[in-house]
Amino acid sequence: MPTAHSWKPDLLEGHEAATIDLGAAFDGDLAATLVRRPYRHDAAVVYIHGFADYYFQVHMADAFDRAGLDLVAVDLRRHGRSLRPGNRRNFVASIDDFWPEVDAAIAEATRDHRRVVLLGHSTGGLVASIYAHRGPLRHSIDAVVLNSPWLDVKLPPLMRVAWEVAKRLGHLKPHLDVASGPSYYLESIHSSLRGEWDFDLAWKPPEGDPVQPGWVRAIGRAHSEVHRGLAIEVPVLVQHSDRSAPSDRWSPELLCADGVLDVGQIHRWAPALGPDVTIQTIVGGLHDLWLSPPDVRAQVQARTIEWVAGVLGA
């Protein structure tokens, strides 16, 4: 795990990053990356990003800082800052493969903070859910916040059949590229297109990233685990938009709805996470609720911080 001397200036102003060496794999060297700003508080949020994503949401760190919380973000293996030559982008054979970097982020947060909140977005929300249920350092977590967590697959009938076939191929042809397509959701958020945010399109590309059967199998298994029911022992906040928009074409709805997931599925499966789950519906929210239009984003910030403060007793 990184020590204090391993922190170096990050690409984001005022941030620093530490690299975690994860050894070699079939696709080259593996690494993960922790990102933080100098600590100011005695409580922290550990942030896990989604699929084909990485940490760039400085405004989120700012909001938590104003509320008395430091942010420690992790770029998972094969994502963002952690990509290495030869890596199969975003690939993972099991959700559990992410545990070393999540362990490192939680250990880093607990080293200097009394209370720790685990925050996951989309696929990161799925990772956070399973981790809070049975991850090695789960007892170091005081609360979980899930921003549009991916708890089930949103697919039309024909594509769902293809998804099931890919899952079955997972142990035979785990690294075969089986799907790719444009991300209309990304079109709704990047400043060069129709959105507000500037981020690295090499790490979060508009043309989308292919997926592999081994990854589909890993996600499918994680979804099944959620559907069987988890037992997260700490309070959980699940937030999602009030409606979904089509994800297979451009639509103005993508500027005020979840253009990736089925919000009805999130709402359905949220109670399966544990005995203490609060669900908040955010009217007009995007898939990443923290990237929603300013008035909606302000609501997300306020409701998240109010809930966290109540749980932590702030």
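This chain uses plain numbering: 1 for the first residue, then up along the sequence.
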Determine whether Ile130 and Val226 satisfy the following criterion, side chain to side chain contact (heavy atoms under 4.5 Å, CB included), listing intermediate values before the conclusion.
CA-CA 8 Å; Ile130 303 292; Val226 170; 3.9 Å; yes
Quick one: closest heavy-atom pair of Gln57 and Leu291, and the distance?
CG-CD2, 3.9 Å
Separation of Leu176 CG from Arg88 CZ (nearest 0.5 Å):
8.0 Å
4.5 Å side-chain heavy-atom contact, Asp142 and Val117
no
Atom CZ of Arg221 with >12 non-hydrogen neighbours under 6.0 angstrom:
no
Classify the ring geometry of Tyr185 against His287: parallel below 30°, tilted from 30° to 60°, perpendicular beyond 60°.
perpendicular
Neighbour count >12 (heavy atoms, 6.0 Å) for atom CD, Glu233
no
Flag yes if more than 12 heavy atoms outside His267 fall under 6.0 Å of its NE2 atom; otherwise flag no.
no
Using a 4.5 Å cut-off on heavy atoms from C-beta on, say whether the side chain of Val58 contacts that of Arg37.
yes
Distance check, rounded to the nearest 0.5 Å: Ile219 atom CD1 versus Leu126 atom CG?
5.5 Å
His227 and His223 aromatic ring geometry - parallel, tilted or perpendicular at 30°/60° bounds
parallel
Tell me if a side-chain donor or acceptor on His133 pairs with a main-chain N or O of Tyr131 at a distance below 3.5 Å.
no
Passing candidate, ring pair (Phe, Tyr, Trp, His ring centres under 6.0 Å) with His190, options Trp197, Tyr184, Phe199
Phe199
side-chain contact (heavy atoms from CB on, under 4.5 Å) partner of Val45, the single match among Val308, Val72, Asp70, Leu119
Leu119
Kindly indicate whether the side chain of Val234, heavy atoms from C-beta on, has any atom under 4.5 Å from the side chain of Val144.
yes
For the residue pair Ala270 and Ile279, what are the closest heavy atoms and their distance?
CB-CD1, 3.7 Å
Closest heavy-atom contact between Ala17 and Asp10?
CB-OD1, 3.6 Å
Which label fits His49 and His79: parallel for a plane angle under 30°, tilted from 30 to 60°, or perpendicular past 60°?
tilted
In the single-linkage hydrophobic clustering (I, L, V, M, F, W, Y; side-chain heavy atoms under 4.5 Å), do Met60 and Trp307 co-cluster?
yes
To the nearest 0.5 Å, how far apart are CG in Asp258 and OG in Ser122?
7.5 Å
Is there side-chain contact between Ile95 and Trp99, with heavy atoms separated by less than 4.5 Å?
yes
Taking atom NE2 of His59 as the centre, does the number of heavy atoms from other residues, nucleotides or ligands within less than 6.0 Å exceed 12?
yes
Using the ring of each side chain (for Trp, its six-membered ring), is Tyr47 parallel, tilted or perpendicular to Tyr55, with breaks at 30° and 60°?
perpendicular
For Pro210, does its backbone N or O pair with a side-chain atom of Asp177 as donor and acceptor, under 3.5 Å?
no
Show the numbers, then the answer: is there a side chain to side chain contact (heavy atoms under 4.5 Å, CB included) between Leu34 and Trp7?
CA-CA 9 Å; Leu34 302 185; Trp7 294 95; 3.7 Å; yes
Do Arg78 and Trp215 form a cation-pi contact, if we require the NZ or CZ to be under 6.0 Å from the six-membered ring centre and within 45 degrees of the ring's axis?
no
Taking the side chain as every heavy atom from C-beta outward, state whether Ile48 and Val74 have any pair of such atoms under 4.5 Å apart.
yes
Other residues, nucleotides and ligands only: do more than 12 of their heavy atoms fall within 6.0 Å of CD on Glu253?
yes
Are Leu289 and Val236 connected in the hydrophobic side-chain network, where two residues link if heavy atoms are under 4.5 Å apart?
yes
Residues Leu261 and Pro149: closest non-hydrogen pair is CD1-O, 3.6 Å
Can you tell me how far OG1 of Thr123 sits from NE2 of His121, rounded to the nearest 0.5 angstrom?
8.0 Å
Side-chain contact, heavy-atom cut-off 4.5 Å: Asp288 with Asn147?
yes
Apply side chain to side chain contact (heavy atoms under 4.5 Å, CB included) to the pair Leu83 and Tyr54, showing each step before the final yes or no.
CA-CA 10 Å; Leu83 276 167; Tyr54 72 102; over 6 Å; no
Working note: Arg77 + Asp97, criterion side chain to side chain contact (heavy atoms under 4.5 Å, CB included); need CA distance, chi angles, decisive distance, verdict.
CA-CA 9 Å; Arg77 63 188 66 197; Asp97 289 351; 4.1 Å; yes
Is there a path of hydrophobic side-chain contacts, each under 4.5 Å between heavy atoms of I/L/V/M/F/W/Y residues, joining Val300 to Ile266?
yes
According to a hydrophobic-cluster definition based on side-chain heavy atoms being under 4.5 Å apart (Ile, Leu, Val, Met, Phe, Trp, Tyr only), do Leu186 and Trp250 belong together?
no
Tell me if a side-chain donor or acceptor on Trp150 pairs with a main-chain N or O of Asp152 at a distance below 3.5 Å.
yes
Find out whether Ser82 and Leu30 are in side-chain contact, i.e. whether some heavy atom of one side chain is under 4.5 Å from a heavy atom of the other.
no
Short side-chain to backbone donor-acceptor contact, Gln265 and Leu151, under 3.5 Å
no
Thinking salt bridges, do Arg134 and Asp96 make one under a 4.0 Å N-O criterion?
yes
Over all heavy atoms of both residues, which pair between Val116 and Ser140 is shortest? Give the atoms and the distance, please.
CB-O, 3.7 Å
Do the side chains of Arg303 and Glu306 get close enough for a salt bridge, i.e. N-O under 4.0 angstrom?
no
Within one Ile-Leu-Val-Met-Phe-Trp-Tyr cluster: Phe51 and Val263, side-chain cutoff 4.5 Å
no
Is the shortest side-chain N to carboxylate O distance from Asp27 to Arg84 below 4.0 Å?
no
Correct closest heavy-atom pair for Leu146 and Ala128 would be CD2-CB, 4.0 Å
Can you check whether Tyr39 and His113 have ring centres sitting under 6.0 Å from each other?
yes
Please report the interatomic distance OG(Ser183) to CG(Leu201), rounded to the nearest 0.5 Å.
10.5 Å
Do Asp209 and Arg89 sit within salt-bridge range, that is, some charged N less than 4.0 Å from a carboxylate O?
yes
Any side-chain heavy-atom pair of Lys154 and Val260 under 4.5 Å:
no
Using 0.5 Å steps for rounding, measure from the CD atom of Gln212 to the NE2 atom of His175.
8.5 Å
